[in-house]
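A, B, ... follow the sequence lines: proteins, then strands. Residue 1 opens every chain. Note that this is a predicted model, so its numbers are computed, not measured.
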Amino acid sequence: MKLSDTLTGEKRDFVPLDGTVRMYVCGITPYASAHVGHAMSYIVFDVLHRYLEFKGYEVRYVQNFTDIEDKLIARAAAESTTVEELAERHIAEYFEDMAALNVLDADVYPRATQEIPKILEVISVLIEKGFAYPSSGDVYFRVRKSPAYGKLSHRSLDAMRAGARVEPGVEKEHPMDFALWKAAKPGEPSWDSPWGPGRPGWHIECSAMALRYLGDSIDIHGGGQDLVFPHHENEIAQSEAFSGAEPFARFWVHNGLLHLDAEKMSKSLGNLVTIRDALAKYSSDAIRVSVLNAHYRGPGYYSDEALAGAERAAARLRQAVSVRAPGGVSGERLDPSAHRERFIAAMDDDLNTPQALAVLFDLARDMNRDAEAGRDVADARSTLLELGREVLGLRIEEREAAVDDELAARVQTLVDRRSELRAAKRFAEADAARDKLSALGVTLTDSTEGTTWALGSPS
RNA sequence: GGCGACGUAGCCAAGUGGUUAAGGCGGGGGUCUGCAAAACCCCUAUUCGGCGGUUCGAUUCCGCCCGUCGCCUCCA
């Protein structure tokens, strides 16, 4: 398959270094509930994960939690709790959110606070090699020592220097030098180090975890586009300086950012919709469809209109898997192999999920049409479910009725009475019964085989 | 200011140097139904931001312009 690489700007053939694909995706900083922008990112990498496995690769997927960081410290203080408690709570919530979105688990979920020895090792080696220097309890990375600094984000040190913010009271050799280790302030969580008590800087934890769990050279490093600079730029600099191995990551994969009302959804802007908010209104299939309906590298848009449309689209797939030829099949069958090939070709082309989804919709239409014509669509149904579920992570299942028996019995009684009225052609009374049920949120579906009902709007 | 991305039907969104420019939503028509609802089927861009250039031919390649957005500071 072909995959885009932010570092080179190329779309080229993806072949793992060896039999196992090593994939590292930057995880969350667990100081707040995850929002739908996170959902977009992790759905994208979930589909990449799933597709690589579908292609027969073994994948070792590592996703971190940065559970010590300025925001966590500030938020914990504001909530009068500890950093650990705050992080633990949001990590647990994150796992629930991901499960609800049908995102497969990574193989390892390392946490910064549990990787301090490796972090200290990396920093020590960087100092030994001259890539880092202590400065009054802090340790900084020396960007001028790294000649290729800026290669990922495609900018020069000079260009960055112009806009660099100079923090007062910090003694750095260059404005762009960044902290590997931060001296502890009173009351902050800290760990002992050769440079005094402190905590890791923002970028070092990802380098340490990637190096520890995946090695010096990994196949895919992913994250949102907003991480390209400075986070990933710094990760490359640190990791390559530490190991001497290049490239640190063979493919840098970045997803576009989710927008809400024409602006990027971000924590600082405060225009957030949490994953829980979204799941309260829309199914995970709808959320996934809305994400996968656009290419991962472009921006995404979250709006009620878009999600409602995606909900209808997801329902279309769900409906298609239940179609059967009325009155038996004629012996001809719908052969889905061409659809399957088109789907794979689309996914092979840098994960073109909009096109892959389109193939599934084409298949759904063909199934409806052919079933009506008396053809056997069993193979097509298997293909639709295989590709939709395994690769795109859709559930494609009937909504849970979630109706207790007592209510079901009462509704059924009313439905039966209406059926009797209809049979007697007392339509005015029958319609009144339907209206009454409708007011209770029950939708009726009449067919030649009788009347079925469901809570809420059908399918 | 520097770097980068993008502008395709009412909305979202793929795509291609040249037979009919995917798909979804919405809208219109039809089938089904006692009537509905739901569902399904069909239709829905002579045209791809504007102006030039390259070419036999460009929406697709190049240049300029206009517009939107992102990064350069914490962010998936």
What does A294(A) touch in the nucleic acid at a heavy-atom separation under 4.0 angstrom: a base, only the sugar-phosphate, or nothing?
sugar-phosphate

What's the CG-C1' distance between D304(A) and C11(B), to the nearest Å?
14 Å

Does any donor-acceptor pair link the side chain of D349(A) with the base of G15(B) at a separation under 3.5 Å?
no

If I pick the C1' atom on G10(B) and the same atom on G53(B), what distance separates them, to the nearest angstrom?
34 Å

Between A58(B) and G52(B), how far is it from one P atom to the other, in whole Å?
13 Å

C48(B) to U73(B) separation - C1' atoms, rounded to the nearest Å:
38 Å

In whole angstroms, the gap separating C1' of U16(B) from CZ of R342(A) amounts to 15 Å

Roughly how many Å apart are A38(B) and C61(B), using the C1' atom of each and rounding to a whole number?
49 Å

Per E69(A) side chain, nearest of listed nucleotides A14(B), C74(B), A76(B)
C74(B)

Have a look at F229(A) and say if it touches a base, only the backbone sugar-phosphate, or nothing, with a 4.0 Å heavy-atom cut-off.
sugar-phosphate

Would one find a side-chain N or O of R369(A) under 4.0 angstrom from OP1 or OP2 of C42(B)?
yes

Distances for protein N or O near nucleotides 24-31 of chain B N or O, under 3.5 Å:
{"unit_1": "G26(B)", "atom_1": "OP1", "unit_2": "R312(A)", "atom_2": "NE", "d": "3.2"}

Salt bridge check: are D177(A) and R142(A) linked by an N-O gap of less than 4.0 Å?
no

Which nucleotide, A76(B), G70(B), A14(B), lies nearest any side-chain atom of Q355(A)?
A14(B)

So what does R418(A) touch, heavy atoms closer than 4.0 Å: a base, only the sugar-phosphate, or nothing?
base

Between U44(B) and A36(B) - C1' atom distance, rounded Å
26 Å

Less than 6.0 angstrom from the centroid, inside 45 degrees of the normal: does R60(A) satisfy that with respect to the ring of Y24(A)?
no

Please work out if G298(A) contacts a base, only the sugar-phosphate, or nothing of the nucleic acid, heavy-atom cut-off 4.0 Å.
nothing

Can you tell me, in whole Å, how much space there is between the C1' of A5(B) and that of C41(B)?
40 Å

Touch class at under 4.0 angstrom, heavy-atom based, for L258(A) against every strand present:
base

Can you name the residues that form a side chain to side chain donor-acceptor pair (under 3.5 Å) with R199(A), not counting sequence neighbours?
D70(A), E188(A)

For this output row, return yes or no: ring centroids of F251(A) and F14(A) closer than 6.0 angstrom.
yes

Tell me the interatomic distance from Y282(A), atom OH, to C12(B), atom C1', rounded to whole angstroms.
14 Å

Salt-bridge criterion met for E10(A) and K2(A) (N-O under 4.0 Å)
no

Closest nucleotide of RNA chain B for V359(A) versus for G256(A): which of these residues is on the 5' side?
V359(A)

The nucleotide from C74(B), A76(B), C3(B) with an atom nearest the side chain of P230(A) is C74(B)

From C41(B), C74(B), C72(B), nucleotide with atom closest to N368(A) side chain:
C41(B)

Are the aromatic ring centres of F45(A) and Y51(A) under 6.0 angstrom apart?
no

Can a donor-acceptor pair under 3.5 Å be found between the side-chain atoms of R297(A) and the base atoms of C6(B)?
no

Whole-angstrom distance between C32(B) and C25(B), as gauged at atom C1'
24 Å

N or O in side chain of Q319(A) less than 4.0 angstrom from C40(B) OP1/OP2:
yes

What's D70(A) touching, base or sugar-phosphate or nothing? Going by heavy atoms closer than 4.0 Å.
nothing

Assert: residue with more 5' nearest nucleotide on RNA chain B, out of K425(A) and L357(A), is L357(A)

Please give me the minimum heavy-atom distance between L334(A) and A380(A), naming the atom from each residue.
CD2-CB, 3.6 Å

From CG of D158(A) over to P of C3(B), roughly how many Å is that when rounded to an integer?
13 Å

Can you check whether H221(A) and F248(A) have ring centres sitting under 6.0 Å from each other?
yes

Which whole number of Å gives the distance between the C1' atom of G18(B) and that of U46(B)?
15 Å

With a non-hydrogen cut-off below 4.0 angstrom, is G223(A) in contact with a base, only sugar-phosphate, or nothing?
sugar-phosphate

I'd like a table of donor-acceptor pairs (distance under 3.5 Å, sequence neighbours excluded) in which one partner is a side-chain atom from residues 222-231 of chain A, with atom names and distances.
{"unit_1": "Q225(A)", "atom_1": "NE2", "unit_2": "R297(A)", "atom_2": "O", "d": "3.2"}
{"unit_1": "H231(A)", "atom_1": "ND1", "unit_2": "H203(A)", "atom_2": "ND1", "d": "2.9"}
{"unit_1": "H231(A)", "atom_1": "NE2", "unit_2": "E235(A)", "atom_2": "OE2", "d": "3.2"}

Nearest whole Å is fine: how far is U73(B) C1' from H231(A) NE2?
15 Å

Look at atom CZ of R417(A) and say whether more than 12 heavy atoms of other residues, nucleotides or ligands are closer to it than 6.0 Å.
no

Would you say the rings of Y94(A) and Y42(A) are close, in the sense that their centroids are separated by under 6.0 Å?
yes

When we call it a touch if two heavy atoms are under 4.0 Å apart, what does F45(A) touch: a base, just sugar-phosphate, or nothing?
nothing

Begin from the C-alpha positions of V62(A) and D107(A) and carry the test side chain to side chain contact (heavy atoms under 4.5 Å, CB included) through to its verdict.
CA-CA 6 Å; V62(A) 177; D107(A) 297 289; 5.8 Å; no

Can you list, in residue-number order, the parts of residues 372-380 of chain A that come under 4.0 Å of RNA chain B, counting heavy atoms only?
none

Among C35(B), A76(B), C71(B), which nucleotide has an atom closest to any side-chain atom of R155(A)?
C71(B)

Can you check the R318(A) CZ to C40(B) C1' distance for me, whole Å?
16 Å

Under the 3.5 Å rule, do the base of A37(B) and the side chain of R434(A) count as making a donor-acceptor pair?
no

Ion pair present between E372(A) and R369(A), side-chain N to carboxylate O less than 4.0 angstrom?
no

What residues form a salt bridge (Lys or Arg N to Asp or Glu O under 4.0 Å) with D349(A), not counting sequence neighbours?
K11(A)

Base, sugar-phosphate alone, or nothing: which one does H295(A) contact when heavy atoms must sit under 4.0 Å apart?
sugar-phosphate

Pair assignment for RNA chain B - dot-bracket with | for other-strand partners, Watson-Crick or G-U under 3.5 Å
(((((((..(((.....[....)))((((((.......))))))....(((((..]....))))))))))))....

Rounded off to whole Å, could you give me the CG-to-P distance for the L257(A) and C72(B) pair?
10 Å

Hey, are H35(A) and T274(A) close enough side-chain-wise for a donor-acceptor pair under 3.5 Å?
no

Taken to the nearest whole Å, CG/N234(A) to C1'/C74(B) is 13 Å

